[in-house]
Amino acid sequence: MQLNPQIESVEKHLIFSCPHCQSVFVTENQCESCGYQFKVDRLGEPYGNRSFFNMFSYQADPYYWLSPGRKSKDKAARSHYLRQLFFRLSKIFDYLFGEIEADLIKRKHFLFEAKEIINEFTIQGGDSQKILGLIKDQPAHGTYQAICGFVSNAGRQRPTQYSIFKKIWSWQALDVPWIRIFTKTLFVYVPVIISSVLLFNYLIVSH
Ligand SMILES: [Zn+2]
């Protein structure tokens, strides 16, 4: 059995296995367990069905993103999720560091995706040194410093803490958002009615 040289070069420090199902039964071209093809373009289009942004959407390529376990408490599912993020990132790096691309807009989109993945990877407990390991041979490349910046800033932009207010705001009982109605009544409807009455009083009654 021959291990896939492409995977080997990309994931030097991981076990040589299918990036999709982790099976070790792989030939040069495909995984014998799940049929995943190794030698195809795996980058896709910016924001396409292989992009990180569509990972959880119905548009996601099911052969690319195999049941990512982000919310899962299961350790194996979470590490699988991290592996998929890492794999996607390595594909983007292949493009950013390997291709001579004249389309600067396209490049920018993939750079943005890399930034978002690096942030997510770090927040979810991935080792950012692994990311730098992927590009350690390319310090002279124009994109290198940008990636280093993403890595050192990753995880700082925590999700905003508005969620509790949002939850209260949209809290519902019997399908009625009481808090929202109460707040709007107090601050919008009541003042409007009071001022209308006062205005009416002023214009009609007192003259
Ligand atoms: Zn497989």
Side chains of [X] and [Y]: does their closest heavy-atom pair fall under 4.5 Å?
| X | Y | value |
| --- | --- | --- |
| Leu111 | Thr143 | yes |
| Ser33 | Cys18 | no |
| Lys115 | Phe110 | no |
| Gln145 | Phe150 | no |
| Phe97 | Leu134 | no |
| Leu82 | Phe121 | yes |
| Phe93 | Gln138 | no |

To the closest 0.5 Å, what do you measure between [atom1] ([X]) and [atom2] ([Y])?
| X | Y | atom1 | atom2 | value |
| --- | --- | --- | --- | --- |
| Phe52 | Glu120 | CZ | CD | 4.5 Å |
| Leu89 | Ile147 | CG | CD1 | 7.0 Å |
| Asn54 | Arg50 | CG | CZ | 12.5 Å |
| Arg83 | Leu85 | CZ | CG | 12.0 Å |
| Leu96 | Lys106 | CG | NZ | 10.5 Å |
| Asn119 | Ser128 | CG | OG | 11.0 Å |

For [X] versus [Y], what's the shortest heavy-atom pair and its separation?
| X | Y | answer |
| --- | --- | --- |
| Gly35 | Gln30 | O-OE1, 3.9 Å |
| Val26 | Ser23 | CG1-O, 3.9 Å |
| Gly155 | Ile123 | CA-CG1, 3.7 Å |

Mind checking whether [X] and [Y] sit in one hydrophobic cluster, side chains of I, L, V, M, F, W, Y counted as touching below 4.5 Å?
| X | Y | value |
| --- | --- | --- |
| Val197 | Tyr202 | no |
| Ile193 | Ile181 | no |
| Leu132 | Ile92 | yes |
| Phe200 | Leu198 | no |

- Task: Look at Arg88 together with Glu113 and state whether they make a salt bridge at an N to O cut-off of under 4.0 Å.
- Result: yes
- Is it true that Lys130 and Asp127 have a side-chain N and a carboxylate O under 4.0 angstrom from each other? no
- Note on the structure: Sorted by chain and residue number, the ring-ring contact (aromatic ring centres under 6.0 Å, His included) partners of Phe53 (sequence neighbours excluded) come out as Tyr47, Phe112
